[in-house]
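One structure below.
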Amino acid sequence: MAIPGYKVLVKTVSAKINPDEILVVEVPCPRNKVILGGGAECQALPPGSAANYTLKSSFPVTAGNARKWMAVWTNATNVNHPQVVQFTTYLICANK
């Protein structure tokens with residue numbers, strides 16, 4: 001059975017996060033759709049290289065007419081020059 005208007009939206013940000021800083025990546029839900037789920041991941045560049053970034057939270061946000069999936073990472077290291085990492089947030093939505 002197909003879900004009407006089923007869609008997976010993805011947003012990727014390449015960034016360096018300094019020690020004790022945070023990065024927030026949000027994916028908005030299109031109008032007239034509802035959030036079914038979402039998630040987040042990060043990948044060090046180049047793939048397989050060491051990184052210690054912690055996904056602190058990944059959750060849906062609904063405030064007024066705004067609906068989005070939000071993911072929050074932190075750099076849990078004391079490295080002053082952290083490497084570039086790709087942070088990806090996913091949103092799964094469908095028609096109301």
Side-chain angles (χ1 to χ4, degrees):
M1 171 201 248
I3 299 173
Y6 179 86
K7 189 173 218 169
V8 177
L9 302 168
V10 179
K11 182 174 182 182
T12 299
V13 173
S14 295
K16 292 181 180 181
I17 306 175
N18 290 319
D20 298 321
E21 288 183 344
I22 63 169
L23 174 72
V24 177
V25 180
E26 302 173 343
V27 180
C29 185
R31 287 180 59 165
N32 300 319
K33 293 199 182 276
V34 294
I35 296 173
L36 300 178
E41 67 178 355
C42 68
Q43 174 64 58
L45 298 177
S49 60
N52 188 18
Y53 294 97
T54 303
L55 178 62
K56 298 299 276 184
S57 58
S58 173
F59 56 94
V61 175
T62 302
N65 291 331
R67 292 174 317 282
K68 58 190 169 186
W69 196 271
M70 179 184 292
V72 180
W73 287 270
T74 186
N75 177 350
T77 73
N78 61 1
V79 178
N80 289 327
H81 301 289
Q83 68 196 85
V84 172
V85 173
Q86 288 183 329
F87 300 91
T88 303
T89 302
Y90 303 91
L91 167 69
I92 304 167
C93 57
N95 291 349
K96 286 185 176 182

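Keep in mind that the numbers below use all heavy atoms, side chains included, and drop hydrogens, waters and symmetry copies.
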Report task. Taking all non-hydrogen atoms of both residues into account, name the closest pair between K33 and G5 and its distance. Result -> NZ-O, 2.9 Å
**Report entry** Joint hydrophobic cluster, V27 plus I35, side-chain heavy atoms closer than 4.5 Å
**Finding:** yes
Query - Pairs satisfying salt bridge (Lys or Arg N to Asp or Glu O under 4.0 Å), at least one member in residues 59-71, at least two apart - result: E26-K68
**Report entry** Minimum heavy-atom distance between G37 and W69, given as atom pair plus value
**Finding:** C-CZ3, 3.5 Å
Query raised in the report: Same hydrophobic cluster for V61 and V24, using side-chain heavy-atom links shorter than 4.5 Å among ILVMFWY?
Result: yes
Requested in this report: Would you check if Y6 and I92 make a side-chain contact, meaning some heavy-atom pair closer than 4.5 Å?
Outcome: yes
Requested in this report: Walk me through it: do K11 and L9 pass the test side-chain contact (heavy atoms from CB on, under 4.5 Å)?
Outcome: CA-CA 7 Å; K11 182 174 182 182; L9 302 168; over 6 Å; no
Query raised in the report: Under a 4.5 Å side-chain heavy-atom rule over Ile, Leu, Val, Met, Phe, Trp and Tyr, are M70 and Y90 clustered together?
Result: no
Requested in this report: Mind checking side chain to side chain contact (heavy atoms under 4.5 Å, CB included) for L55 and listing every partner two or more places apart, or none if nothing turns up?
Outcome: A40, S58, A71, W73
Query raised in the report: Among T12, V13, V72, which one satisfies side-chain contact (heavy atoms from CB on, under 4.5 Å) with V25?
Result: V13
Report summary line: Exactly one of T74, V85, N75 clears side-chain contact (heavy atoms from CB on, under 4.5 Å) with I17, and that residue is N75
Query raised in the report: What's the shortest heavy-atom distance between A15 and L23, and which atoms?
Result: CB-CD2, 4.3 Å
